[in-house]
Colleague: 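Got a structure here, written out as structure tokens. Questions coming.
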Amino acid sequence: MDKFVIEGGTPLRGSVTVSGAKNAALPIMAASILSEEPTVIHRVPRLRDTETMARILTHLGAKVTFTNNTVVIDPSSLTRWTAPYELVSTMRASICLLGPLVARCGKVRFSMPGGCVIGPRPIDLHLKGLSRLGVAIDIEEGYIVGSSRNLKGVPVFLGGAFGSSVLATANILTAATLARGNTLIEFAACEPEIVDLAMFLRSMGAKVTGEGSHLIQVRGVKKLHGTEYTLMPDRIETGTYLLAAAATGGCIRVNQCRPEHLFSLLDKLEEAGLEVTRGKNWIALKGKKSWKALDIVTWPYPGFPTDLQAQMMAFLTLAEGVSSITEKVYPDRFIHVGELNRLGASISLDGPKALVRGVKKLHGTRVMASDLRASAALVIAGLAAEGETEVSRIYHLDRGYERFEEKLSTLQARIRRVH
Ligand code: EPU
């Protein structure tokens with residue numbers, strides 16, 4: 001198993017270019033099977049998760065070729081509609097194939113994804129939405145079994161206990177493109193990745209409006225065609241580099257990103273006292289030796305993203321004063337707290353709220369990554385700490401950050417991968 005060895009204490013400097021968004025790539029690759037024609041997708045990050053999606057599509061019978069950051073998916077020979085446990089259990093996000101599969105094949109047999117370290121992660125909204133569209137759903141021996149003669153457009157309310165759901169919205173949206181009649185998705189997720197998916201679907205001939213709001217309308221069509229599409233930049237990767245620079249008192253510019261996707265983060269960085277400038281597709285951050293504590297609450301978009309909560313926490317361990325972080329999306333997503341404390345942070349937990357008492361210094365030690373974003377937080381803390389930090393189990397990180405250590409090294413970080 002690989003690990004990172006980090007020599008901390010060097011402020012990040014320079015510029016870095018972000019990759020295409022993982023969380024746009026996955027539902028868009030899945031949606032490519034809605035047509036029988038080949039689709040070309042550019043700016044796909046080479047990650048364990050996108051490669052897993054390619055493997056699942058291949059298992060279903062599609063031909064998938066990955067060349068640099070371009071994926072060609074030819075779903076003309078799709079023959080299977082079953083996704084077995086061995087594949088689904090390696091990537092929870094494979095659930096976003098449910099809608100495209102049922103729309104394309106009229107049936108689906110899909111292993112139920114379990115919980116994960118960030119919480120229980122139910123799928124009731126996915127199932128409720130699909131059954132509203134006319135899919136008969138049973139749960140048999142740990143598998144979701146769905147079938148439908150004709151999907152029919154209807155109003156679907158997708159609000160849950162924690163607000164909207166990104167991948168449930170993706171599933172209902174994709175299935176509705178080939179339904180008979182009009183579908184109205186109420187309480188749809190507003191995330192930029194859903195906007196990207198809607199734009200992709202439109203480029204295939206789908207009739208979608210309202211994406212980016214809580215009300216998405218879909219007018220079903222008989223057929224979709226192949227397309228060529230370039231993915232949006234990864235806003236979470238962008239935020240991770242900004243927070244790494246901020247935590248080390250560095251000064252960086254992130255290129256080929258979309259500042260408007262990250263207002264909640266940029267606002268907080270400014271509130272902490274840092275200098276942020278932005279252009280159409282870049283963000284520059286000038287760090288400081290000291291910064292103010294913050295109160296953070298995670299929300300669905302456009303609120304502060306849960307996927308940056310751990311990285312923000314790493315930054316706040318060194319703030320002046322006491323910060324609070326409240327998780328409103330995944331109340332249990334705090335597995336990184338113990339490891340950050342091992343690096344010298346002072347964080348206590350009270351249910352879904354963390355209190356982060358700023359300390360003067362972090363000290364390098366050996367820590368273990370537990371999930372994708374928690375791993376990034378440990379790397380940020382290691383970069384800011386005095387001495388050497390070893391982050392083990394970085395296979396989590398390889399799921400979601402393309403060439404992470406290489407990009408950090410161009411920012412003068414002292415980080416190396418040890419096999
Ligand atoms: N929820 C339900 N019922 C459902 C579905 C979700 O109650 O049927 C709840 C969840 O338990 C959670 C909340 O709704 O409390 C939001 O979950 P959501 O469904 O939006 O999450 P997701 O679509 O499964 C995507 C991202 C996650 C990201 C969340 C929230 C992808 C592939 N994954 O997951 O990304 O944290 O949205 O923004 O798009 C990551 O990249 O590290 C990651 C975990």
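From a predicted model like this one, the values you see are computed outputs, not experimental measurements. When a ligand or atom number is given, it counts from 1 through the structure's own listing order.
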Colleague: Suppose I only count heavy atoms of Lys22 and a 4.0 Å limit; which atoms of ligand 1 are within that range?
Modeller: 40 (C), 41 (O)
Colleague: How long is the span from the CZ atom in Phe334 to the OG atom in Ser370, to the nearest 0.5 Å?
Modeller: 12.5 Å
Colleague: Among Arg333, Gln309, Lys353, whose side chain to side chain donor-acceptor pair (under 3.5 Å) with Glu327 holds?
Modeller: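 It is Gln309; the other options fail the test.
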Colleague: Mind checking the OG1-CZ spacing from Thr183 to Arg132? Nearest 0.5 Å is all I need.
Modeller: 10.0 Å
Colleague: Tell me which protein heavy atom sits closest to atom 5 (C) of ligand 1, plus the residue, atom name and distance to 0.1 Å.
Modeller: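 Ranking protein heavy atoms by distance from atom 5 (C) of ligand 1, first comes Pro122 O, 3.2 Å.
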Colleague: Which atoms of ligand 1 sit under 4.0 Å from any heavy atom of Thr306?
Modeller: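 The atoms of ligand 1 under 4.0 Å from a heavy atom of Thr306 are 30 (C), 36 (O), 38 (O).
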Colleague: What residue and heavy atom of the protein are closest to atom 14 (O) of ligand 1, and at what distance?
Modeller: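 Atom 14 (O) of ligand 1 sits closest to the protein heavy atom Phe162 CB, 4.0 Å.
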Colleague: Closest non-hydrogen protein atom to atom 20 (O) of ligand 1, residue and atom name please, with distance?
Modeller: Val166 N, 2.8 Å
Colleague: Do the non-hydrogen side-chain atoms of Pro75 and Glu36 ever get within less than 4.5 Å of each other?
Modeller: no
Colleague: Nearest protein heavy-atom contact for atom 32 (C) of ligand 1: which residue, which atom, what distance?
Modeller: Asn23 OD1, 3.3 Å
Colleague: For atom 35 (O) of ligand 1, what is the nearest protein heavy atom, given as residue, atom name and distance?
Modeller: Asp307 OD2, 3.1 Å
Colleague: Does Glu193 come within less than 4.0 angstrom of ligand 1, counting non-hydrogen atoms of the residue?
Modeller: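 Outside the 4.0 Å threshold, so no.
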Colleague: State the atoms of ligand 1, each with its element, that fall below the 4.0 Å cut-off from a heavy-atom position in Ala93.
Modeller: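 Checking each atom against Ala93, I get 32 (C).
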Colleague: Using side chain to side chain contact (heavy atoms under 4.5 Å, CB included) as the criterion, point out the one residue from Pro300, Pro331, Pro122 that pairs with Phe162.
Modeller: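 So, applying the side chain to side chain contact (heavy atoms under 4.5 Å, CB included) to Phe162 and each of Pro300, Pro331, Pro122, only Pro331 qualifies.
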Colleague: Please indicate whether any nitrogen or oxygen in Val329 is less than 3.5 Å from any nitrogen or oxygen in ligand 1.
Modeller: yes
Colleague: With heavy atoms under 4.0 Å as the rule, classify the contact between Leu372 and ligand 1 as side chain, backbone, both or neither.
Modeller: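 The side chain, only.
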Colleague: Aromatic ring centroids of Phe110 and Trp81 under 6.0 Å?
Modeller: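 So the answer is no for these two rings.
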Colleague: What is the closest protein heavy atom to atom 24 (O) of ligand 1, and at what distance does it sit?
Modeller: Arg121 NH2, 3.2 Å
Colleague: Relative to the heavy atoms of Ile123, which atoms of ligand 1 are at a distance of less than 4.0 Å?
Modeller: 4 (C), 8 (O)
Colleague: Quick test: of every protein heavy atom, which one is nearest to atom 17 (O) of ligand 1, and how far off is it to 0.1 Å?
Modeller: Tyr330 OH, 3.4 Å
Colleague: Give a yes/no on ligand 1: does Ala168 have at least one heavy atom closer than 4.0 angstrom to it?
Modeller: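 In this structure, Ala168 fails to qualify as a contact of ligand 1 - no heavy atom is under 4.0 Å.
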Colleague: Does a side-chain heavy-atom distance below 4.5 Å link Ser375 with Ile394?
Modeller: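 No, too far: nothing below the 4.5 Å cut-off.
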Colleague: Between Leu125 and ligand 1, which part of the residue brings a heavy atom under 4.0 Å of the ligand: side chain, backbone, both or neither?
Modeller: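 Both parts.
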Colleague: Any nitrogen or oxygen of Arg373 lying under 3.5 Å from a nitrogen or oxygen in ligand 1? Just yes or no.
Modeller: yes
Colleague: Below 4.0 angstrom, N of the basic side chain to O of the carboxylate: do Arg46 and Glu402 qualify?
Modeller: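 Between Glu402 and Arg46 there is no salt bridge, as every charged N stays at least 4.0 Å from the carboxylate O atoms.
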Colleague: What protein heavy atom sits nearest atom 19 (O) of ligand 1, and how far away is it?
Modeller: Ser165 OG, 2.6 Å
Colleague: Give a yes/no verdict on whether any heavy atom in Arg333 is under 4.0 Å from an atom of ligand 1.
Modeller: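 So Arg333 counts as touching ligand 1.
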Colleague: Just by modelled atom types, is the Ile236 backbone N or O under 3.5 Å from a matching donor or acceptor in the Asp234 side chain?
Modeller: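 Such a contact is found between Asp234 side chain and Ile236 backbone.
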Colleague: Could you see which bit of Tyr301 sits under 4.0 Å from ligand 1, with heavy atoms only: side chain, backbone, both or neither?
Modeller: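 Tyr301 to ligand 1: no contact under 4.0 Å from either part.
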Colleague: Using the rule side chain to side chain contact (heavy atoms under 4.5 Å, CB included), only one of Ile283, Leu262, Leu285 pairs with Leu269; which is it?
Modeller: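 When Ile283, Leu262, Leu285 are each tested with Leu269, the side chain to side chain contact (heavy atoms under 4.5 Å, CB included) holds only for Leu285.
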Colleague: Are Lys128 and ligand 1 in contact, using a heavy-atom cut-off of under 4.0 Å?
Modeller: no
Colleague: Sub-3.5 Å donor-acceptor pair from the side chain of Gln256 to the main-chain atoms of Val18, do we have one?
Modeller: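 No, Gln256 side chain to Val18 backbone: no donor-acceptor pair under 3.5 Å.
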Colleague: Does Gly160 reach ligand 1, in the sense of a heavy atom lying below 4.0 Å from it?
Modeller: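 For ligand 1, residue contact (heavy atoms, under 4.0 Å) with Gly160 is absent.
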